[in-house]
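Some notes on the structure that comes next.
Just so you know, these numbers come straight off a predicted model, no measurement behind them. Note that ligands are numbered from 1 as they come in the structure, with each ligand's atoms numbered from 1 the same way.
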Amino acid sequence: MAGVPQPQSDLIPGCPRHVAIIMDGNGRWATQRGRPRLYGHHAGARRVREIVECCPIFGVDYLTIFAFSTENWKRTQVEVAGLMNLFRRYIIKETRALVTSGVRVRFIGDRVRLDRKLTQMMTELEAATAQNSRVHLTIAINYGGRDEVARATKRLAADVAAGNLSPDAVDEETLPRYLDTHVLPDPDLVIRTSGEARISNFLLWQSAYSEYEFIDTLWPDFTQAEFQRLCTAFGGRDRRYGGVRR
Ligand code: FPP
């Protein structure tokens, strides 16, 4: 593809180690073309592949993408079923490429409400890629930041009740060990496409000190070149974490 970054030659100085993306705008992209919303989601899934591919080239070690929120069940039954079907198709279609290209896949979110076939496929993909470490791809399905903190707190409270954890030991280091993301670093950069400037319940705890990019591009139009531009711009950010410039 013209303009596609080349392996080994496009490492970005100061590249964010962990990028999280709210992939918004599939529906509007499809509507602009007079097509059903699912057409946009299918186009969005193709973008996922392209963005995953360029992560190791730029130097992004962790990519976390918001595929379905705890609030997305409010959509029509046709759209929800279509998205669930798309996730199954994605796993079937992409497994081989993900395994051979060194991508480790994890899923976050509450699996209880998902259909058994899908959760089985998710677990199998996680197992099939468990030895990989070139890029860590985390896909959020039936994920909500508040729901995640509530589920984490429930498990933490159970440990306290069982005498495995003292209430005095609960602090900012302890709670994240109960989050779905416990093995991941916090995101350095959160990108939201489609012109909306809100975080919609995504990685609430983890993004406390993330840098944000809200861009107008609809997700199916998001290119590797734009991703490269955002990762490069991140290198120039002054991150002070509440402190002062050093
Ligand atoms: C938000 O756009 C997008 C979603 C709720 C679904 C995201 C899913 C994908 C990108 C597809 C596939 C993902 C994987 C991992 C295979 P929207 O529908 O809310 O867009 P709108 O705001 O224009 O209506």
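Nearest protein heavy-atom contact of atom 20 (O) of ligand 1 is Gly27 N, 3.1 Å. Atom 13 (C) of ligand 1 has Phe87 CE2, 3.9 Å as its closest protein atom, hydrogens excluded (heavy atom only). Scanning the protein for heavy atoms near atom 6 (C) of ligand 1, the closest one is Ala67 O, 3.3 Å. Looking from atom 3 (C) of ligand 1 to the surrounding protein, the closest heavy atom is Met23 O, 3.2 Å. Scanning the protein heavy atoms around atom 9 (C) of ligand 1, the nearest turns out to be Asn26 ND2, 3.6 Å.
At a heavy-atom distance under 4.0 Å, no atom of Glu196 approaches ligand 1. When heavy-atom distances to ligand 1 are checked against a 4.0 Å cut-off, Gln32 has no atom that comes that close, whether in backbone or side chain.
Ionic pairing of Arg88 and Asp115 is present here: one or more N-O contacts between side-chain nitrogen and carboxylate oxygen are shorter than 4.0 angstrom. Salt-bridge check for Glu126 with Arg106: failed, with every basic side-chain N at 4.0 Å or more from each acidic carboxylate O. Using a cutoff of 4.0 Å between basic side-chain nitrogens and carboxylate oxygens, Glu213 and Arg237 are scored as salt-bridged. Between Glu53 and Arg46 there is no salt bridge, since no side-chain nitrogen of the basic residue lies less than 4.0 Å from a carboxylate oxygen of the acidic one. Salt bridge absent: Glu71 and Lys74 never bring a charged side-chain N and a carboxylate O closer than 4.0 Å. Taking the charged nitrogens against the carboxylate oxygens, Glu226 and Arg229 do have a contact shorter than 4.0 Å, which makes a salt bridge.
Of the polar atoms of Tyr90, none of the N or O atoms is found under 3.5 Å from an N or O of ligand 1, judged by distance alone. Residue-to-ligand polar distances keep Val48 apart from ligand 1: every N/O pair is separated by 3.5 Å or more. At a 3.5 angstrom cut-off on N or O pairs, Arg75 counts as close to ligand 1.
For ligand 1, the atoms lying closer than 4.0 Å to a non-hydrogen atom of Arg37 are 17 (P), 18 (O), 19 (O), 24 (O). The distance from ligand 1 to the heavy atoms of His41 drops below 4.0 Å at these ligand atoms: 4 (C), 6 (C), 11 (C), 18 (O). The Leu86 neighbourhood of ligand 1 comprises atoms 11 (C), 12 (C), with distances under 4.0 Å to a heavy atom of that residue. Atom numbering of ligand 1 starts at 1 in the shown order; those under 4.0 Å from a heavy atom of Asn72 are 5 (C).
Both Ile191 and Val52 are part of a single hydrophobic cluster, where members link through side-chain heavy atoms under 4.5 Å apart.
Every residue two or more places apart in sequence or in another chain that forms a side chain to side chain donor-acceptor pair (under 3.5 Å) with Arg37 is listed here: Glu79.
Side-chain polar atoms of His18 and Asp188 form no donor-acceptor pair below 3.5 angstrom.
Taking 4.0 Å as the cut-off, Arg47 does not count as a neighbour of ligand 1 on heavy-atom distance.
Two residues are said to be in side-chain contact when any heavy atoms from C-beta on lie closer than 4.5 Å; Thr64 and Ile21 fail this criterion.
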